[in-house]
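Both ligands and their constituent atoms are indexed starting at 1 by order of listing.
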Amino acid sequence: MKAAVFYGVKDVRMEEIEVPKISPFEVLVRIRVALTCGTDRKMYLRGHPLFKPPFVFGHEFAGDIVKVGNEVKDFKEGMRVVAANSAPCNRCFYCKIGKPSICDNLTLRLSGAFAEYVEIPSPIVEQNLLPIPSYVSYKEAALVEPLACVVHGIEESGIKLGDTVVVNGAGPIGLMYIQLAKLKGAKVIATDIKEERLRVAQKLGADKLIDASLVDDQVEAVRNLTEKKRGADVAIEAVGLPEVWEKTIKMARKGGIVNLFGGCASGTKITIDTKLLHYSELTLKGIFHHTPQYVKRALNLISQGSIDANSLITDEFPLSDFPHVLSMMINHQGIKIAVIP
Ligand SMILES: [Zn+2]
Ligand SMILES: [Zn+2]
């Protein structure tokens, strides 16, 4: 089969490789759509500490089951499915206290999507492989995994009806945050440094836009848009830069919640004003990954038509054009790109 294989930093090659073999507990999926993701971009530019190359690049996809292991019960050949990229163990301390996103033994796979076929490991078959309703396209369904992370982040942010929420970063993740914050009944302020992304933010429901490249003080610009300049009830970071983490903390009102979602390069640090944290009673939250519950809810939101998937997926190319897709991804062109094998 054709596949884009990751060999190391800035080294992804189009190759002809074997179709994956499956165990009796696995299924084989013929990929119909794969999507690019910020994680892919970071992996291309920096590598990944947890995964040893070579492996097939990409992790967001939807497709058809073409082969089912003898021991698999709930799935059949021909079913349209979407899979998340992980499954928790359900046995460790964190799983037992209801925090499977930080499971000690997470079966995590950030690979397999930019190819014609992918095998689904058995823990994912059991917990995070979902049939796609007939009226949902493969493209929309492939959004399940990143959306599940955002559903997780929104549920941890405690947004109340009528709250003011600032979302810093209008990339794919920020744009999903904007849509879900609107569903939660918030007024949304969106900030970004790219005008085209802010336009999409507005289309998806953002009430106020701030082009951070045009203002002297991004924090003040946000606070000026909140009642009595007191700051946002909930401040969300969806960029993944330490300086934006620091700004996001300063945008929250007293007693507010700060959701630090964007993963920064490892080894980076931020500085927090201790007086601000203490006397303002801020709550700072790191949010990582998703859980089977949020994966299911993400597919529900897509199936209900509550998420505008088509505004997020701006381009489409065949797998054979993957080198071009890579260059677009590196240059932040488009939002999410669909790759069709
Ligand atoms: Zn992703
Ligand atoms: Zn666990």
Side-chain angles (χ1 to χ4, degrees), residues 4 6 12 31 33-48 50-51 55-63 82-115 118 120-124 126-130 138-153 169 171-177 180 238-240 261-264 287-295 298-299 301-302 307 309 312-315 322 325-326 328-330 332 334-339:
F6 178 87
V12 172
I31 294 169
V33 174
L35 299 178
T36 59
C37 163
T39 304
D40 298 333
R41 184 178 183 277
K42 283 186 209 167
M43 198 188 278
Y44 182 76
L45 295 173
R46 305 177 194 153
H48 199 290
L50 300 180
F51 302 97
F55 51 80
V56 175
F57 202 43
H59 62 273
E60 297 176 10
F61 62 89
V82 59
N85 55 353
S86 75
C89 77
N90 296 319
R91 292 187 310 273
C92 74
F93 173 80
Y94 297 102
C95 284
K96 285 178 180 162
I97 63 166
K99 301 286 279 177
S101 58
I102 46 175
C103 168
D104 273 336
N105 315 302
L106 204 64
T107 301
L108 179 64
R109 260 188 58 152
L110 286 177
S111 60
F114 298 125
V118 64
I120 313 294
S122 95
I124 298 179
E126 280 167 32
Q127 301 181 66
N128 268 336
L129 182 64
L130 302 176
Y138 293 110
K139 220 158 117 175
E140 293 167 304
L143 266 186
V144 155
E145 189 274 324
L147 182 61
C149 298
V150 178
V151 173
H152 178 201
I173 294 289
L175 292 169
M176 286 188 265
Y177 263 111
L180 295 189
V239 178
F261 185 91
C264 301
I287 301 291
F288 168 68
H289 209 52
H290 49 65
T291 71
Q293 183 202 164
Y294 295 133
V295 172
L299 184 57
L301 285 165
I302 292 166
I307 288 291
L312 298 174
I313 303 165
T314 46
D315 303 271
F322 195 71
V325 172
L326 262 179
M328 285 184 72
M329 202 164 79
I330 291 155
H332 284 301
I335 296 172
K336 274 176 112 61
I337 305 169
V339 176

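In terms of modelled atom types and a separation under 3.5 Å, the side chain of His152 and the main chain of His289 share a donor-acceptor contact.
Residue Cys149 does not count as close to the Zn ion (ligand 1), with no N, O or S atom under 2.8 Å.
The SG atom of Cys103, the Zn ion (ligand 2) and the SG atom of Cys89 define an angle of 100° (nearest 10 degrees). To the nearest 10 degrees, the angle centred on the Zn ion (ligand 1) between NE2 in His59 and SG in Cys37 reads 100°.
Below 30°, between 30° and 60°, or above 60°: for Tyr44 and Phe57 the angle between ring planes is between 30° and 60°, a tilted geometry.
In plain terms, the two heavy atoms of Thr107 and Pro121 that are nearest each other are CG2-CB, 4.5 Å.
The shortest side-chain heavy-atom distance between Leu35 and Ile337 does not fall under the 4.5 Å cut-off.
Within Glu60, the N, O or S atom at minimum distance from the Zn ion (ligand 1) carries the name OE2.
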